[in-house]
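Each residue takes its place number in the sequence, starting with 1. Small disclaimer: the values here were computed from a predicted structure and weren't measured.
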Amino acid sequence: FEQQKAPQEMFRELQTTVQIDPNHVEANLLLSMIYIATNRKDEAQQAIDRARTASPYNFRVNRAQAVLLASESRLEEALEEARKAQTAEPEDLDTQVLLAGILLQMKNFDEAAASIQASLAKHPDADQLYLLQFQQLSLQDRVDDAVAALQQLVSRKPQNLGYRQALAVYLARNQRTADAEAVLRQAVADIPGNTQAKLALAGFLATSDAGAAADALKCFIASGGEGSR
């Protein structure tokens with residue numbers, strides 16, 4: 001059900017699993033994440049407690065507890081749990097991402113930067129780490145460095161339109177509209193069959209130049225419109 005993106009069915013099966021076996025670690029940990037996402041904090045804590053009872057030294061229990069505490073803005077406690085998880089399993093990417101994210105929430109930028117760099121050395125292909133690096137740099141108003149971080153992600157995943165759009169949005173918010181337009185035009189050139197790339201460019205131009213937007217839409221229609229998806 002998870003692979004089929006059927007969240008209700010997944011949730012129901014997890015609940016049934018815990019009814020059959022209250023100490024099922026995996027089911028409880030997955031349930032805790034769903035409860036946190038839906039703001040059912042008490043139920044999330046109960047699921048984590050059941051998992052801890054069944055597997056008291058499982059680093060994923062510490063990680064789940066850290067997620068819950070961070071969602072409640074109990075950041076010092078969350079950081080402590082995340083550090084416990086990292087100590088138990090230093091190579092786990094999800095724990096490294098969580099730890100760096102908590103440090104960013106705490107505005108501890110120096111330690112967050114060091115944590116991200118150390119994680120990138122271990123997981124150089126992890127998009128999450130590059131996104132965290134961008135977040136860190138943008139929170140520090142280091143615009144050029146933040147742009148470079150996103151450009152690096154775009155160069156690694158050139159077919160991912162979302163990264164290009166994020167870069168264009170960030171550039172536009174920092175009054176670099178010409179650069180933002182260039183990013184979207186390059187997306188259309190690099191991913192010519194992508195309808196959303198063309199619409200993103202047309203939408204951007206519509207906010208600044210109605211004539212250019214009309215021309216962009218004409219090119220979009222001439223290039224196949226719906227049929228180019």
Side-chain angles (χ1 to χ4, degrees), residues 36-37 67 70-71 73 75 78-79 82 93-217 219-220 223 228-229:
I36 292 169
V67 173
S71 74
S73 298
L75 298 179
L79 183 60
L93 175 60
D94 290 338
T95 301
Q96 293 170 17
V97 169
L98 174 62
L99 179 60
I102 293 170
L103 290 167
L104 287 179
Q105 281 186 265
M106 298 174 74
K107 301 190 185 306
N108 188 340
F109 298 125
D110 289 343
E111 192 173 353
S115 176
I116 293 167
Q117 286 297 329
S119 297
L120 279 169
K122 298 176 182 177
H123 305 281
D125 296 324
D127 290 9
Q128 308 100 300
L129 295 173
Y130 290 96
L131 291 171
L132 277 172
Q133 188 176 59
F134 162 71
Q135 184 182 356
Q136 169 230 321
L137 295 166
S138 62
L139 286 170
Q140 293 179 279
D141 293 323
R142 294 168 56 183
V143 176
D144 290 342
D145 291 335
V147 167
L150 271 184
Q151 286 174 331
Q152 186 174 8
L153 199 51
V154 168
S155 67
R156 292 180 63 256
K157 298 289 178 68
Q159 298 301 309
N160 188 314
L161 178 62
Y163 294 153
R164 294 175 186 260
Q165 288 178 297
L167 176 57
V169 168
Y170 183 71
L171 287 165
R173 285 178 179 170
N174 285 278
Q175 289 74 53
R176 293 172 57 174
T177 53
D179 291 338
E181 180 181 334
V183 167
L184 293 175
R185 289 191 181 278
Q186 191 63 50
V188 172
D190 291 345
I191 324 173
N194 190 305
T195 298
Q196 294 305 314
K198 297 168 187 175
L199 290 175
L201 174 60
F204 177 83
L205 293 173
T207 65
S208 55
D209 188 333
D215 290 342
L217 283 171
C219 291
F220 166 66
S223 67
S228 67
R229 287 181 180 172

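Take Arg176 and apply the side chain to side chain contact (heavy atoms under 4.5 Å, CB included) test, not counting sequence neighbours, and it matches Val143, Asp144, Val147, Leu171, Asp179. Residues forming a side chain to side chain contact (heavy atoms under 4.5 Å, CB included) with Ala70 (at least two apart in sequence, or on another chain): Leu75, Ala78, Ile102, Gln105. Annotation: salt bridge (charged side-chain N to carboxylate O under 4.0 Å, His left out) contacts of Arg156 (sequence neighbours excluded): Asp125, Asp127. Residues that satisfy the side chain to side chain contact (heavy atoms under 4.5 Å, CB included) test with Val154, not counting sequence neighbours, are Tyr163, Arg164, Leu167.
Just one residue in the list Leu199, Val188, Leu161 forms a side chain to side chain contact (heavy atoms under 4.5 Å, CB included) with Asn194, and that residue is Leu161.
Proximity of Arg142 to Gln136: side-chain heavy atoms (C-beta onward) are separated by under 4.5 Å at one or more points. By the 4.5 Å heavy-atom criterion applied to side chains, Leu93 and Leu129 are counted as neighbours. No side-chain heavy atom of Val183 sits less than 4.5 Å from a side-chain heavy atom of Gln186.
What you find for Phe204 and Thr177 is that their closest heavy atoms are CZ-O, 3.6 Å. Scanning all heavy atoms of the two residues, the minimum distance from Leu132 to Gly101 falls at CD2-CA, 4.1 Å. Residues Ala121 and Pro124 approach most closely at O-CD, 4.2 Å, considering heavy atoms.
For residues 118-147, the set of pairs meeting the ring-ring contact (aromatic ring centres under 6.0 Å, His included) definition, not counting sequence neighbours, comprises Phe134-Tyr170.
If you take CD on Gln133 and CG on Leu131, they are separated by 10.0 Å, rounding to the nearest 0.5 Å. Atom CG of Asn160 and atom CD1 of Ile191 lie 8.0 Å apart (nearest 0.5 Å).
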* Asked: Could you walk me through whether Gln128 and Gln96 pass the side chain to side chain contact (heavy atoms under 4.5 Å, CB included) check?
  -> CA-CA 10 Å; Gln128 308 100 300; Gln96 293 170 17; over 6 Å; no
Show every donor-acceptor pair shorter than 3.5 Å between a side-chain atom in residues 109-117 and any protein atom, with sequence neighbours excluded, or say none if there are none.
{"residue": "Glu111", "atom": "OE1", "partner": "Asn108", "partner atom": "ND2", "Å": "3.0"}
{"residue": "Glu111", "atom": "OE2", "partner": "Arg83", "partner atom": "NH1", "Å": "3.3"}
{"residue": "Glu111", "atom": "OE2", "partner": "Arg83", "partner atom": "NH2", "Å": "2.6"}

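With hydrogens and angles ignored, the 3.5 Å screen pairs a side-chain donor or acceptor of Gln175 with a backbone N or O of Arg173.
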